[in-house]
Amino acid sequence: MNYLLEHPRNNMSVVTRFAPSPTGFLHIGGARTALFNWLFSQHHALHGDGGTFLLRIEDTDRKRSTQDAVDAIFDGLRWLGLTWDGDAISQFGRIEQHRAAVERLLDDGRAYRCYCTPEELGAMRKEARTAGRKRMYDGRWRDRDPADAPSGVAPAVRLKAPEDGETVIEDLVQGEVRVANAELDDMILLRSDGTPTYMLAVVVDDHDMGVTHVIRGDDHLTNAFRQTQLFQALNWDTPAFAHISLIHGPDGAKMSKRHGALGVDVYRDQGFLPEAVCNYLLRLGWSHRDDEIISMEQAIEWFNLDSVGKSPARFDFDKLTALNGHYLRESGPERLMDLISPSLSEYLGYNPSEIAVQRLIHGLPGLRERAKTLSELIENSLFYAAERPISISDKARKLIDDDGRRRLESVKDGFAALDDWTEEALEACVREFSERADIKMGKVAQPIRAAITGTTVSPSIFEVLAVLGREESLGRIADVINFE
RNA sequence: GACCCCUUCGUCUAGUCAGGUCUAGGACACCUGCCUUUCACGCAGGCAACACGGGUUCGAAUCCCGUAGGGGUCGCCA
């Protein structure tokens, strides 16, 4: 198994892992967990003594695991740029190692077989609940003679956990957290059908994979106690834990599927850039003084667990959007063209012509200033790709009344007489016209905008005119003058 | 219910570990103005918070205790 890298415990190299269960898409909370794990490993790879980021698919629940979900996780991580080392590990594929660990525990007397029926367990659970106890299983098979085992009943295997004292974890984010062992019952390691439970699999896999730092959502905090007990029973070093707070929805409740915990693919489809999503997610719970705009390079250099906050954060769509606007403005026209091109064809119903693509490339720098998402950018770009006669919105239509039409005719003659079809010449021409006619520039600029873009909002009309070129511009103006 | 965690502007947060430099800083959102052919961008300014109550101290957002509120976990799910 080549993915199980050799990581001697005596060096300082860091190994992190992201361990999602493939029961759905990669949601935004999982993405943040992955990001933190990735950042931590990359930081140590580049600025420390080595770092590795592994991906493990927790697919031991066969009924709920699908290949589609696995692919969705891969796609999501790749889109965010969170590449993992080696091949993704299937937890299900390591079932033999899990069983072997239990055998050892059984031999060492650190685990035992439990023949309780689901009914018995149900009763115990109910009793514990009404008695106000957290601990459910009463340990009735813990010290019982195996000879008492009922025949024909397949046992589950439980860990013989310490009954006294307390289990303490030194969490890198939460600090020292301790819980009395009396609160923890003997967890099941192997189900009665012989399959390993999550608790067992996680511990064995994390050990075998050489994981040094377990960074995950704090909904796993209580699991950490049980896992610590297991690590100790197995005589293995316990990895360092870092439980990060969960992301909450805008209403303050836990992010769930109905509370906006969308898959990262949805953010992509809504026109967000991966670097914006990463930057936003990074700032949710982690900070570096007052820095807000943080590149991945800086994030890798600066990231640490000390600066991760403990309190949960609400998801703020507006801030993500603002960040996205920033990264959009920093993107070059070629990249933007690649990004919007598929949707553009969809809107148009055909692939934009070569000349339309050229216009777009020239027009994108002006367009990107006015968009916060790719979707917005696409909508605003449409007029560059459109074929004559372009459609005119109702609002724009209102600008082309009798006055507007008259001005368009005059200014069109001026344009036609121009030697240089440049932004500067175009602007001088319109300025001269408005001064001569003693009207505000807007009175003529807006009808022009309406004619050449079909809308009331666009980049500078001189820029648009220049990008469109003489023939197309004059043609579009003529189209509206002759309309009706 | 039990156990554990959390609590600074509406939101994300700086500051808290080493108490005074905090009349609490930044960002998003919101409001005003400037720029201007529209809309943005940009720039300038504004509104807005230390959950509450005790205590320690010359002095507390920072330390301690309590209260309230919020969250997580209590599966032969992961």
Side-chain angles (χ1 to χ4, degrees), chain A residues 19-23 58-61 63-65 91 114 116 118 121-122 125 128-136 154-158 171 174-175 177-180 182-185 187-199 201-202 217-223 225 243 245-246 248 250 252-254 280 283-293 306-307 309-323 325-326 329 366-372 380 399 427 430-431 434 440-450 453 455-462:
Chain A
S21 53
T23 53
E58 312 233 309
D59 50 0
T60 51
D61 186 345
K63 286 187 280 298
R64 298 202 298 166
S65 303
Q91 186 158 68
C114 168
C116 283
L121 259 13
R125 186 165 20 249
R129 207 52 166 242
T130 49
R133 275 181 289 119
K134 182 188 173 70
R135 183 183 171 127
M136 188 269 283
V157 177
R158 288 182 184 268
D171 194 280
Q174 304 291 335
V177 190
R178 45 180 68 219
V179 72
E183 295 290 333
L184 274 13
D185 62 10
M187 72 183 122
I188 291 181
L189 269 16
L190 232 40
R191 301 185 186 99
S192 48
D193 66 359
T195 58
T197 60
Y198 161 78
M199 288 294 176
V202 166
D218 74 4
D219 49 340
H220 284 282
L221 185 59
T222 51
N223 290 336
F225 293 107
H243 289 93
S245 60
L246 267 14
H248 287 183
K254 182 191 180 185
Y280 177 70
R283 283 289 288 107
L284 232 42
W286 180 87
S287 60
H288 183 269
R289 290 286 173 164
D290 285 339
D291 293 305
E292 297 285 350
I293 304 291
D306 293 341
S307 303
K310 293 192 197 182
S311 51
R314 297 187 188 198
F315 195 87
D316 182 1
F317 218 78
D318 282 338
K319 192 153 184 177
L320 203 213
T321 304
L323 235 20
H326 168 84
R329 272 172 258 129
L367 254 13
R368 69 182 171 195
E369 297 293 322
R370 295 162 171 79
K372 284 192 160 58
N380 298 344
L399 292 170
E427 176 163 0
V430 172
R431 218 169 266 286
S434 63
K440 286 198 168 186
M441 192 141 83
K443 289 289 182 191
V444 55
Q446 280 303 80
I448 295 174
R449 171 167 286 117
T453 71
T455 68
T456 58
V457 175
S458 82
S460 155
I461 54 164
F462 308 116

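Reminder, nothing fancy here: chain letters follow the sequence lines and each chain counts from 1.
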Chemist: At under 4.0 Å between heavy atoms, what does A:Gly325 touch on the DNA or RNA strands: base, sugar-phosphate, or nothing?
Modeler: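 It contacts nothing in the nucleic acid.
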Chemist: Over all strands shown, is A:Ser287 touching base, sugar-phosphate only, or nothing at heavy-atom distances under 4.0 angstrom?
Modeler: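 Sugar-phosphate only.
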Chemist: More 5' along RNA chain B: A:Pro118 or A:Arg370, using each one's nearest nucleotide?
Modeler: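 Between the two, 5'-proximity favours A:Arg370.
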Chemist: Using a 4.0 Å heavy-atom cut-off, does A:Ser311 contact any base of the nucleic acid, only the sugar-phosphate backbone, or nothing at all?
Modeler: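 It contacts sugar-phosphate atoms only.
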Chemist: Would you mind classifying the nucleic acid contact of A:Leu284 as base, sugar-phosphate or nothing, using non-hydrogen atoms under 4.0 angstrom?
Modeler: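 The residue A:Leu284 makes sugar-phosphate contact but no base contact.
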Chemist: Give one of base, sugar-phosphate or nothing for A:His288, where a contact means two heavy atoms less than 4.0 Å apart.
Modeler: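 Nothing, no heavy atom under 4.0 Å.
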Chemist: A:Phe462 near the nucleic acid: base, sugar-phosphate alone, or nothing, with a heavy-atom cut-off under 4.0 Å?
Modeler: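 Base contact.
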Chemist: So does A:Leu189 get a backbone contact from the side chain of A:Thr197, meaning a donor-acceptor N/O pair under 3.5 Å?
Modeler: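 Such a contact is found between A:Thr197 side chain and A:Leu189 backbone.
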Chemist: Listed by chain and number, what are the ring-ring contact (aromatic ring centres under 6.0 Å, His included) partners of A:Tyr280, not counting sequence neighbours?
Modeler: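 Scan of A:Tyr280 (ring-ring contact (aromatic ring centres under 6.0 Å, His included), adjacent residues dropped) gives A:Phe315.
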Chemist: Is A:Arg129 touching bases, backbone alone, or none of the nucleic acid, heavy atoms closer than 4.0 Å?
Modeler: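 Result for A:Arg129 = base.
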Chemist: Could you tell me whether A:Asn223 contacts a base, only the sugar-phosphate backbone, or nothing, with contacts defined as non-hydrogen atoms closer than 4.0 Å?
Modeler: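 Base, at least one base heavy atom under 4.0 Å.
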Chemist: Looking for any heavy atom pair under 4.0 Å, which part of the strands does A:Leu221 touch: base, sugar-phosphate only, or nothing?
Modeler: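 Contact class for A:Leu221: sugar-phosphate only.
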Chemist: Sequence neighbours left out, what passes side chain to side chain contact (heavy atoms under 4.5 Å, CB included) with A:Arg431? Give chain and number order.
Modeler: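 A:Arg431: side chain to side chain contact (heavy atoms under 4.5 Å, CB included) contacts with A:Glu427, A:Glu435, A:Met441.
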Chemist: Pick the P atom in B:G42 and in B:G19, then give their distance to the nearest Å.
Modeler: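 Looking at atom P only, B:G42 and B:G19 are 40 Å apart.
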Chemist: Is A:Lys440 touching bases, backbone alone, or none of the nucleic acid, heavy atoms closer than 4.0 Å?
Modeler: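 Nothing, no heavy atom under 4.0 Å.
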Chemist: Quick one: list whatever passes salt bridge (charged side-chain N to carboxylate O under 4.0 Å, His left out) with A:Arg178, sequence neighbours left out.
Modeler: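 Residues passing salt bridge (charged side-chain N to carboxylate O under 4.0 Å, His left out) with A:Arg178: A:Glu166, A:Glu176.
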Chemist: Contact class for A:Ser434 (heavy atom, under 4.0 Å): base, sugar-phosphate, or nothing?
Modeler: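 It contacts nothing in the nucleic acid.
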Chemist: With sequence neighbours excluded, what pairs up with A:Asp316 under the salt bridge (charged side-chain N to carboxylate O under 4.0 Å, His left out) test?
Modeler: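 Salt bridge (charged side-chain N to carboxylate O under 4.0 Å, His left out) list for A:Asp316, sorted by chain: empty.
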Chemist: For A:Leu190, which contact category applies under a 4.0 Å heavy-atom criterion: base, sugar-phosphate, or nothing?
Modeler: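 If one applies the 4.0 Å heavy-atom cut-off, A:Leu190 turns out to touch nothing in the nucleic acid.
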Chemist: Please work out if A:Pro20 contacts a base, only the sugar-phosphate, or nothing of the nucleic acid, heavy-atom cut-off 4.0 Å.
Modeler: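 The residue A:Pro20 makes no contact with any strand.
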Chemist: Identify whether any heavy atom of A:Arg431 sits under 4.0 Å from a base atom; if not, whether one sits that close to sugar-phosphate; answer base, sugar-phosphate or nothing.
Modeler: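 Sugar-phosphate contact only.
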Chemist: Could you list the residues that satisfy side chain to side chain contact (heavy atoms under 4.5 Å, CB included) with A:Leu399, not counting sequence neighbours?
Modeler: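 Only A:Gln446, A:Ala450, A:Thr456 meet the side chain to side chain contact (heavy atoms under 4.5 Å, CB included) criterion with A:Leu399.
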Chemist: Reading RNA chain B in the 5' to 3' direction, which nucleotide is the first one with an atom under 4.0 Å from a heavy atom of chain A, and which is the last?
Modeler: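 Taking any atom under 4.0 Å from a heavy atom of chain A, the span is B:G1 to B:A78.
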